[in-house]
**Q** 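Handing you this structure, nothing more for now.
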Amino acid sequence: MIVHQVFALIFDGEIKDRCVCNDYELANYLARAVYGETAFAVDCLQYPCDIGDKYHNNAFYRVDPETQEETPIKYVPTQEQQVQELKAENEALMVVVSDLIGGAYNA
C-alpha cells in the first residue's frame, strides 16, 4: 500500500527537485510555479532517482560525471509485485519438479 506519492519535478529534461504531494495535479502545478510553464511532475516513487538525473522518452537516467553517458534508472517493484513474481516463479518450478519426478502437479 502506498501512503505517499513522490514526484520528480522536471525542467529542461533534468530533475530539479523531488516532492511528496497529495496528487499529480498539485505536483505539476508546483513544478510550473517554480520552474516555468514547460516544467512538469512525474511519479518517481519506484525509481531511485535524484536531483540532477535526467528524464526523457518517459524514462529516468543517471549521468556518469566522467563519461557523460546516461544509464537508465531501473524500476524497483513494489512488495506486492515482488510477491507476485515469486509466486509465478514458484509455480513454474513446481511444474518442472513434478515433471522430473514423473508426477502431475495441480496448482
Side-chain angles (χ1 to χ4, degrees):
M1 176 175 132
I2 296 175
V3 294
H4 296 291
Q5 291 179 295
V6 180
F7 297 92
L9 306 182
I10 312 293
F11 176 70
D12 200 25
E14 182 177 332
I15 298 173
K16 296 297 186 180
D17 207 346
R18 290 163 300 168
C19 69
V20 176
C21 229
N22 290 337
D23 57 57
Y24 169 75
E25 290 302 325
L26 180 57
N28 208 40
Y29 171 79
L30 292 171
R32 289 190 315 265
V34 174
Y35 300 106
E37 284 300 312
T38 60
F40 57 95
V42 176
D43 181 349
C44 67
L45 182 65
Q46 300 304 124
Y47 294 90
C49 59
D50 206 352
I51 294 170
D53 288 339
K54 302 295 181 186
Y55 181 82
H56 53 84
N57 300 324
N58 296 320
F60 293 101
Y61 297 87
R62 180 146 299 129
V63 178
D64 183 306
E66 292 181 19
T67 65
Q68 297 302 308
E69 289 186 29
E70 292 183 356
T71 304
I73 297 174
K74 294 183 180 177
Y75 176 84
V76 177
T78 64
Q79 289 181 341
E80 291 84 4
Q81 290 168 330
Q82 290 175 357
V83 167
Q84 291 301 343
E85 288 174 18
L86 290 171
K87 283 182 178 179
E89 288 176 20
N90 188 46
E91 189 70 27
L93 286 172
M94 291 301 290
V95 169
V96 169
V97 169
S98 178
D99 287 346
L100 285 174
I101 61 173
Y105 174 71
N106 296 321

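Because the structure is a prediction, the values reported are computed rather than measured.
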**Q** Please report the closest heavy-atom contact between Ala27 and Cys21, naming both atoms and the distance.
**A**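 Minimum heavy-atom separation between Ala27 and Cys21: N-SG, 3.6 Å.
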**Q** To the nearest 0.5 Å, tell me how far Asp64 CG sits from Glu69 CD.
**A**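 Answer rounded to 0.5 Å: 7.0 Å.
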**Q** Any chance you could measure Asn28, atom CG, to Asp23, atom CG, to the nearest 0.5 Å?
**A**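 So the gap between those two atoms works out to 10.0 Å.
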**Q** Should Phe11 and Phe60 be counted in the same cluster of Ile, Leu, Val, Met, Phe, Trp and Tyr side chains packed under 4.5 Å apart?
**A**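 Per the 4.5 Å side-chain linkage, Phe11 and Phe60 are not co-clustered.
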**Q** Hydrophobic clustering (ILVMFWY, side-chain heavy atoms < 4.5 Å, transitive) - are Ile10 and Ile73 grouped together?
**A**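 Shared cluster, yes.
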**Q** Start with the C-alpha gap between Tyr47 and Tyr75, add the side-chain angles, then the distance that decides, and say whether ring pair (Phe, Tyr, Trp, His ring centres under 6.0 Å) holds.
**A** CA-CA 5 Å; Tyr47 294 90; Tyr75 176 84; 5.4 Å; yes
**Q** Do the non-hydrogen side-chain atoms of Leu26 and Phe7 ever get within less than 4.5 Å of each other?
**A**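 No - every pair of side-chain heavy atoms lies 4.5 Å or more apart.
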**Q** Check Cys44 against Ala8 and note the closest heavy-atom contact, atom names and distance.
**A**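 Shortest heavy-atom contact: SG-N, 3.4 Å.
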**Q** How far does CD of Gln5 sit from CG of Asp43, to the nearest 0.5 angstrom?
**A**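 Gln5 atom CD to Asp43 atom CG measures 6.5 Å (nearest 0.5 Å).
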**Q** Taking a hydrophobic cluster as the set of Ile, Leu, Val, Met, Phe, Trp and Tyr residues connected by side-chain heavy atoms closer than 4.5 Å, whether directly or through intermediates, do Val20 and Leu45 fall within one such cluster?
**A**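 Val20 and Leu45: one cluster.
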**Q** First locate atom CD1 of Ile15, then atom CG of Leu9, and finally report the distance between them rounded to the nearest 0.5 Å.
**A**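 Here the rounded value is 9.5 Å.
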**Q** If you count every heavy atom of other residues, nucleotides or ligands that lies below 6.0 Å from Tyr24 atom OH, does the total exceed 12?
**A**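 Enclosed: over 12 neighbouring heavy atoms sit under 6.0 Å from OH of Tyr24.
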**Q** So, for Ala39 and Ala31, which heavy atoms are closest and what is the spacing to 0.1 Å?
**A**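 Smallest interatomic distance, heavy atoms only, reads CB-O, 3.4 Å.
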**Q** Among Asp53, Thr71, Asp50, find the residue that satisfies the side-chain hydrogen bond (donor to acceptor under 3.5 Å, both in side chains) test when tested with Arg62.
**A**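 The single option meeting the side-chain hydrogen bond (donor to acceptor under 3.5 Å, both in side chains) with Arg62 is Asp53.
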**Q** Check Pro48 against Gln46 and note the closest heavy-atom contact, atom names and distance.
**A**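 Nearest pair, atom of Pro48 first, then Gln46: CD-O, 4.1 Å.
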